[in-house]
Amino acid sequence: MSSDLATQAISAPRTLEFPADFLFGSATAAYQVEGAAAEGGRAPSVWDTFAHTPGKVHAGDTGDVACDHFHRFREDVALMKRLNLKVYRFSVSWSRVMPDGVTVNPEGLQFYSDLVDELLAAGILPWLTQYHWDLPQALEDAGGWANRRTAELFADYAVVLHEALGDRVRHWTTLNEPWCAAFLGYANGHHAPGRTSPEDALAAAHHLLLGHGLAVAQLRRRDPELELGLTLNFTDYRPADPASPGDVDAARRLDGSFNRFFAGAIFDGAYPEDVLEDQAGLWREGLVQPGDLKIISTPIDVLGVNFYTGELLTGVEPERAAQAAAAARAQGAPNPNVGSEHVTSVPRGLPATSMGWEVFPQGLHDLLLRLHREYTGGAGVALYVTENGAAYPDAPDPAGFVQDDERLSYIREHLHAVHRAKEAGADVRGYFVWSLLDNFEWAFGYDRRFGIVRVDYDTLARTPKASAHWYAQVAATGVVD
Ligand code: FCB
């Protein structure tokens, strides 16, 4: 092949086609979009408390108003319909439907019932996430996720939701990203409730998973036909220098505590041995009770995959790692990588989003195939990319329109990666862009914009960006240029 032809073959745009039943949608989460924090009987969650604590969230931003989705959901559903979206992944605010975590608030449930009706009337599939990090503050006051009782209450909460919505909602995700809830919430305090205890973080991780298993069992019992699962977040970790034993160990460690910890518990019914070794001494006596892993690994139908980035890692030789981790834990800043606090990441020089996350679509391709091969394929569990997207510094024109070429190409490249993974055999059935709207990006407040639709936070006006127009075509035709 002449060099000209070779270049052409690589750079020639390829048009891809997804099957007609592939679900294109978007995702949001309650605290990030709803607002109406004190309306309709809603009580504070840990995120209300955290955001109202000075110094925790960028610029003192809170979710008090957010995108005002609570009042504008009909407008937002109409917008989704205009964008040809087939499915909407939203989360329920536990403290809206059960303000103290225990007592039902019918007015709160009504909001979600109305939202579901509105979606169905628009021909959009409602995909419910039970928990996207906003624990009722009353439950945090009783010990939060470090308290085993929270897991039991989580299953009761699932039943309450199913009673109200189970006749119309077929897709149920128990947890969103338990890694973040446990390790950012309880180990490094970057997220609510802002605790900095490695032991609490491991307790929280275990109880979150236990709550998931208990909820799945309840939901399954009530309706065997539901599509049940959870959403995990995955990062592609590789050694900075594949020839360095320290770097190889670093990648093994974070792949273990971030990725395999959760997938192993869910699909193998066991926490990976090597991860338990890395975390030795940090698990509280009696935390894992007989039968817990069996509950946690209750069969599911769907694994939600959230993917944003990959990281190259560096560490120290395996023989010195435990000591280095302990020293970093004792002396360093609070760290979410419990048991591997000495590991650091090394930029690989790829373009990065405004989160500082390197753009690495190959990682999504490899991940989907790996999950299919090592966990989901054999179990007959379907994969859905439940979040993927990017924050960039948008520059709106006077009419509020954003020509967000970088976001558009981020989404396009990741859809190419999904398509290639599907072709290679991964059973991926849908893709949800994060996010429908610019929204409250946790500790970064309103500073980071992930939406394909711009939200003007002064007027709350919504303006689809270039990426939304492009994505609407993809959703309508299944064709990605
Ligand atoms: C994920 C969260 C989601 C959003 C994106 C950017 O970790 O699930 O709420 O913040 O990151």
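Every value quoted in this text rests on a predicted model; they were computed, and no experiment measured them. Both ligands and their constituent atoms are indexed starting at 1 by order of listing.
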Asker: Has Arg348 got its NZ or CZ under 6.0 Å from the middle of the six-membered ring of Phe360, at an angle within 45 degrees of the ring axis?
Answerer: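 Yes, a cation-pi geometry.
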Asker: Side chains of Asn337 and Asn188 only: does a donor on one sit below 3.5 Å from an acceptor on the other?
Answerer: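 Checked: Asn337/Asn188 side chains show no N/O donor-acceptor pair below 3.5 Å.
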Asker: Given that the side chain starts at C-beta and the backbone is N, CA, C, O, which of these parts of Glu441 lies under 4.0 Å from ligand 1, counting heavy atoms, or is it both or neither?
Answerer: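 It is the side chain that gets close, since no backbone atom is under 4.0 Å.
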Asker: Keeping the roles fixed (side chain from Ser93, backbone from Arg96), state whether a donor-acceptor pair exists under 3.5 Å.
Answerer: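 Looks like yes, one N/O pair under 3.5 Å.
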Asker: Closest non-hydrogen protein atom to atom 2 (C) of ligand 1, residue and atom name please, with distance?
Answerer: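 Protein heavy atom at minimum distance: Glu387 OE1, 3.3 Å.
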Asker: Rounded at 0.5 Å granularity, tell me how far OG1 in Thr386 sits from CH2 in Trp434.
Answerer: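 Thr386 atom OG1 to Trp434 atom CH2 measures 10.0 Å (nearest 0.5 Å).
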Asker: Which bit of Asn176 gets closer than 4.0 Å to ligand 1, counting heavy atoms only: side chain, backbone, both or neither?
Answerer: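 Side chain only; the backbone of Asn176 stays clear of ligand 1.
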Asker: Using distance alone, with no hydrogens and no angle criterion, decide if Tyr88 and Thr28 have a side-chain donor and acceptor under 3.5 Å apart.
Answerer: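 Yes, Thr28 and Tyr88 have a side-chain donor paired with an acceptor closer than 3.5 Å.
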Asker: Could you name the option among Tyr308, Trp357, Phe450, Trp179 that has the heavy atom nearest to atom 5 (C) of ligand 1?
Answerer: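 Comparing heavy atoms across Tyr308, Trp357, Phe450, Trp179, the nearest one to atom 5 (C) of ligand 1 lies in Tyr308.
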Asker: State the atoms of ligand 1, each with its element, that fall below the 4.0 Å cut-off from a heavy-atom position in His132.
Answerer: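 Those atoms are 2 (C), 3 (C), 8 (O), 9 (O).
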Asker: Looking only at distances, please establish whether an N/O atom of ligand 1 is found under 3.5 Å from an N/O atom of Trp434.
Answerer: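 Such a contact does not occur with ligand 1.
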Asker: In ligand 1, which numbered atoms sit nearer than 4.0 Å to a non-hydrogen atom of Trp442?
Answerer: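 The atoms of ligand 1 under 4.0 Å from a heavy atom of Trp442 are 3 (C), 4 (C), 9 (O), 10 (O).
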Asker: Report yes if some N/O of Trp133 lies less than 3.5 Å from some N/O of ligand 1; otherwise report no.
Answerer: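 No; every N/O pair is 3.5 Å or more apart.
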Asker: Starting from atom 7 (O) of ligand 1, what is the nearest protein heavy atom, named by residue and atom, and what distance separates them?
Answerer: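 I find the closest protein heavy atom is Glu177 OE1, 2.6 Å.
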Asker: Mind checking what makes salt bridge (charged side-chain N to carboxylate O under 4.0 Å, His left out) contact with Glu140, not counting sequence neighbours?
Answerer: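 With neighbours one apart ignored, the set is Arg195.
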Asker: Ring-plane angle category for His206 and Trp283, please: parallel below 30°, perpendicular beyond 60°, tilted otherwise.
Answerer: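 Perpendicular, since the angle between the ring planes exceeds 60°.
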